[in-house]
**Student:** 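Dropping a structure here in structure tokens format, bear with me for questions.
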Amino acid sequence: MSSVSSLLCFLIVFFAAVSGVLCQSNQGGIGVCNGRVGGNLPSEKDVVEFYKTNGINRMRIYDPNQATLSALQNSGIELMLGVPNVDLQSLQAEATSWVNANVRAHFPATKIRYIAVGNEVDPENPETQRYVPLVLPAMQSIYRALTLFNLQDQIKVSTATFSAVLTDTYPPSKATFKNKSFMEPIVKFLAQTRSPLLANIYPYFGYIGDTANIQLPYALFTAAGVVVQDGGYGYRNLFDAMVDAMYSATEKAGGGNVEIVVSETGWPSDGGVAATVENAGVYYRNLIGHVNKGTPKRPGKAIETYLFAMFDENQKPGAKSEQHFGLFYPDNMQLKYQALSFNN
């Protein structure tokens with residue numbers, strides 16, 4: 001083979017490899033949560049096709065809905081599969097049947113990436129207190145079941161927590177977990193299994209909970225400069241501060257190597273303080289443009305982030321704003337916000 005031919009072959013292989021790396025690193029940095037608490041939602045099959053049409057490569061679901069799991073087969077969409085809080089009791093000692101029915105029956109055609117065991121379990125919330133002792137044993141049971149089939153490295157087991165489990169979050173470096181006996185064993189399990197901590201991060205709720213001290217531009221990524229200085233870290237937006245507070249608490253709990261994946265974030269378009277289409281559009285556009293830059297504690301490290309949610313959910317309980325977090329209207333499947341692209 002001539003030297004010219006050798007050089008050409010090398011360049012072809014090199015650029016193919018680089019292209020593969022770039023595609024992998026940019027694939028689905030933004031995912032979208034597929035909530036189903038609505039009476040006017042599209043079918044699971046239509047939803048999956050809609051994800052593909054809009055270039056959304058990652059999905060979170062909140063229970064092992066078999067129609068969704070089947071519709072995702074061979075779609076290329078990566079999945080965060082949820083275990084509802086009410087199911088934790090049944091998974092305390094053994095989860096092989098659950099893994100067989102909800103993972104092995106669909107994987108790898110359905111690209112399950114994470115299993116989120118429980119959602120927003122908080123020792124201080126009367127509605128979730130009873131689940132506190134159930135979370136880690138259920139995580140361990142599912143992990144053991146995955147190891148039986150050698151899937152523990154392909155599918156990571158975690159839980160979805162949220163900012164309410166933290167204390168002393170200002171400045172972010174001071175943050176710790178309120179209930180260390182609950183969160184520290186979970187963090188150590190994640191460190192041992194090389195799994196991320198899933199965290200629901202909502203600047204919207206941070207803002208409306210303290211409008212006297214938090215300005216709207218800080219929550220919407222539109223502040224003119226640094227708002228919070230934390231040693232060598234300067235924070236220009238509340239999202240970064242909330243993510244880094246979770247990192248600080250996780251590090252203190254023994255999880256220095258544990259990554260934070262933002263398993264939910266969003267802004268409502270109606271039904272509450274500052275809940276407008278304009279504000280929500282600003283939040284989503286700026287968030288999508290920001291997450292690849294990382295946070296002050298993790299500069300340059302893209303933040304895997306799931307937007308909440310795909311559609312408005314008209315049967316969602318709680319505050320009226322809970323029914324208006326959708327990116328799309330469910331009846332006509334139209335995007336609410338201009339100039340919103342999911343390919344960041």
Side-chain angles (χ1 to χ4, degrees), residues 33 85 114 116-136 139 158-191 195-215 218-219 221 227-267 283 287 290-291 294-298 301 303-306 308 318:
C33 301
N85 294 341
Y114 304 119
V117 183
N119 184 62
E120 295 188 350
V121 173
D122 180 2
E124 296 187 355
N125 183 341
E127 294 184 4
T128 63
Q129 282 175 342
R130 64 187 181 276
Y131 302 119
V132 168
L134 307 180
V135 176
L136 181 58
M139 293 170 65
S158 187
T159 187
T161 189
F162 65 143
S163 300
V165 302
L166 302 179
T167 188
D168 293 330
T169 56
Y170 181 85
S173 62
K174 289 182 60 180
T176 59
F177 290 115
K178 291 179 184 177
N179 190 312
K180 295 177 176 56
S181 64
F182 171 50
M183 287 302 300
E184 283 191 1
I186 289 174
V187 169
K188 289 174 181 176
F189 170 83
L190 298 176
S195 300
L197 178 62
L198 310 175
N200 300 342
I201 301 291
Y202 281 96
Y204 174 73
F205 293 120
Y207 167 67
I208 67 170
D210 191 10
T211 54
N213 294 303
I214 298 174
Q215 300 300 307
Y218 185 52
F221 298 89
V227 176
V228 173
Q229 191 67 44
D230 185 4
Y233 302 136
Y235 290 91
R236 303 169 66 100
N237 65 81
L238 184 54
F239 177 85
D240 280 354
M242 295 175 78
V243 172
D244 277 356
M246 191 66 70
Y247 265 121
S248 295
T250 302
E251 290 166 359
K252 292 167 190 168
N257 66 328
V258 174
E259 181 182 353
I260 304 298
V261 168
V262 177
S263 43
E264 285 183 16
T265 190
W267 196 286
Y283 179 77
L287 172 77
H290 174 78
V291 293
T295 69
K297 277 181 73 72
R298 298 289 191 277
K301 180 175 177 54
I303 310 161
E304 185 176 339
T305 300
Y306 292 76
F308 186 88

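It should be emphasised that the depicted structure is a prediction, and the values quoted were computed from it without experimental measurement.
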**Student:** Run Trp267 and Leu287 through side-chain contact (heavy atoms from CB on, under 4.5 Å) and show every step you take.
**Tutor:** CA-CA 11 Å; Trp267 196 286; Leu287 172 77; over 6 Å; no

**Student:** Are any side-chain N or O atoms of Asp244 and backbone N or O atoms of Ser173, one a donor and one an acceptor, separated by less than 3.5 Å?
**Tutor:**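 No, Asp244 side chain to Ser173 backbone: no donor-acceptor pair under 3.5 Å.
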
**Student:** Can you give me the closest heavy-atom contact between Pro196 and Tyr114, atom names plus distance?
**Tutor:**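 Where Pro196 meets Tyr114 most closely, the heavy atoms are CG-CE2, 3.6 Å.
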
**Student:** Less than 4.5 Å apart, any side-chain heavy atom of Tyr306 and any of Leu198?
**Tutor:**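 A side-chain contact is absent here, since even the closest heavy-atom pair is not under 4.5 Å.
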
**Student:** Is the backbone N or O of Asp240 less than 3.5 Å from a side-chain atom of Asn237, with the two atoms forming a donor-acceptor pair by type?
**Tutor:**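 Judged by distance alone, yes, a pair lies under 3.5 Å.
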
**Student:** Would you compute the distance between atom CZ of Phe177 and atom OG1 of Thr250 and round it to the nearest 0.5 angstrom?
**Tutor:**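 Nearest 0.5 Å value for the CZ-OG1 distance: 4.0 Å.
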
**Student:** About how many Å separate CE of Met246 and CE of Met183, when rounded to the nearest 0.5 Å?
**Tutor:**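 It comes to 7.0 Å.
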
**Student:** Nearest 0.5 Å, what's the CG-CZ distance between Asn85 and Arg130?
**Tutor:**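 It is 8.5 Å, given to the nearest 0.5 Å.
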
**Student:** Could you check if a side-chain atom of Leu238 sits within less than 4.5 angstrom of a side-chain atom of Val227, using non-hydrogen atoms only?
**Tutor:**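 Counting from C-beta outward, Leu238 and Val227 never come under 4.5 Å.
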
**Student:** Could you check if a side-chain atom of Pro171 sits within less than 4.5 angstrom of a side-chain atom of Tyr233, using non-hydrogen atoms only?
**Tutor:**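 They are not in contact (no side-chain heavy atoms under 4.5 Å apart), so the answer is no.
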
**Student:** Are the side chain of Ser248 and the backbone N or O of Ala175 linked by a donor-acceptor pair below 3.5 Å?
**Tutor:**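 Side chain of Ser248 to backbone of Ala175: no pair is present.
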
**Student:** Does the Gln229 side chain pair with the main chain of Gly231, one donor and one acceptor, at a distance under 3.5 Å?
**Tutor:**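 Confirmed, Gln229 side chain pairs with Gly231 backbone.
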
**Student:** Determine the minimum heavy-atom distance between Val258 and Ser195, stating which atoms define it.
**Tutor:**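 It is CG1-O, 3.7 Å.
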
**Student:** Does Lys252 use its side chain to pair, donor to acceptor, with the backbone of Lys174 at less than 3.5 Å?
**Tutor:**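 Between the backbone of Lys174 and the side chain of Lys252 there is a qualifying donor-acceptor contact (under 3.5 Å).
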
**Student:** Are Pro123 and Lys178 close enough that some pair of their side-chain heavy atoms sits under 4.5 Å apart?
**Tutor:**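 With C-beta onward as the side chain, the pair stays apart.
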
**Student:** Kindly give the heavy-atom pair with the smallest separation between Val187 and Gly254, and that separation in Å.
**Tutor:**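 Minimum heavy-atom contact is CG1-C, 4.1 Å.
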
**Student:** Side-chain contact, heavy-atom cut-off 4.5 Å: Phe239 with Ile303?
**Tutor:**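 Yes; the side chains approach each other to less than 4.5 Å.
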
**Student:** I would like to know whether Val135 and Met139 meet side-chain contact (heavy atoms from CB on, under 4.5 Å); could you show each step before the answer?
**Tutor:** CA-CA 6 Å; Val135 176; Met139 293 170 65; 3.8 Å; yes

**Student:** Quick check: does any side chain N or O of Thr265 sit under 3.5 Å from a backbone N or O of Ile201, one acting as donor and the other as acceptor?
**Tutor:**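 Yes, because the side chain of Thr265 sits within donor-acceptor range (under 3.5 Å) of the backbone of Ile201.
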
**Student:** Side-chain contact test, heavy atoms from C-beta onward, threshold under 4.5 Å: evaluate it for Tyr170 versus Asn213 and give yes or no.
**Tutor:**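 No - every pair of side-chain heavy atoms lies 4.5 Å or more apart.
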
**Student:** Would you call the rings of Phe221 and Tyr283 parallel, tilted or perpendicular, taking 30° and 60° as the class edges?
**Tutor:**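 Rings of Phe221 and Tyr283: tilted, as their planes differ by 30° to 60°.
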
**Student:** Heavy-atom distance under 4.5 Å between the side chains of Tyr218 and Tyr235, does that happen here?
**Tutor:**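 Side-chain contact under 4.5 Å: yes.
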
**Student:** Sequence neighbours left out, cut at 3.5 Å: what donor-acceptor pairs do the side chains of residues 159-168 make with other protein atoms?
**Tutor:**
from   : atom 1 : to     : atom 2 : distance (Å)
Thr159 : OG1    : Val117 : O      : 2.6
Thr159 : OG1    : Gly118 : O      : 3.4

**Student:** Among all residues two or more places apart in sequence or in another chain, which pass the side-chain contact (heavy atoms from CB on, under 4.5 Å) test with Arg298?
**Tutor:**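 For Arg298, the residues satisfying side-chain contact (heavy atoms from CB on, under 4.5 Å) (neighbours in sequence not counted) are Tyr247, Glu251, Thr295, Lys301.
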
**Student:** Nearest 0.5 Å please: distance from the CG atom of Asp230 over to the NZ atom of Lys297.
**Tutor:**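 Result: 8.0 Å between the selected atoms.
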
**Student:** Nearest heavy-atom pair of Gly234 and Pro296: which atoms, and what distance?
**Tutor:**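 In terms of heavy atoms, the two residues are closest at O-CG, 3.6 Å.
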
**Student:** Calculate, to the nearest 0.5 Å, the distance between atoms OG and CG belonging to Ser263 and Asn200 respectively.
**Tutor:**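 Between atom OG of Ser263 and atom CG of Asn200 there are 4.0 Å.
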
**Student:** For Glu264 and Phe308, work out which heavy atoms get closest and say how close.
**Tutor:**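 So the minimum-distance heavy-atom pair works out to CD-CD1, 3.8 Å.
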
**Student:** If I take atom CD from residue Glu184 and atom CG from residue Asn179, how far apart are they, to the nearest 0.5 angstrom?
**Tutor:**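 Here the interatomic distance stands at 9.5 Å.
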
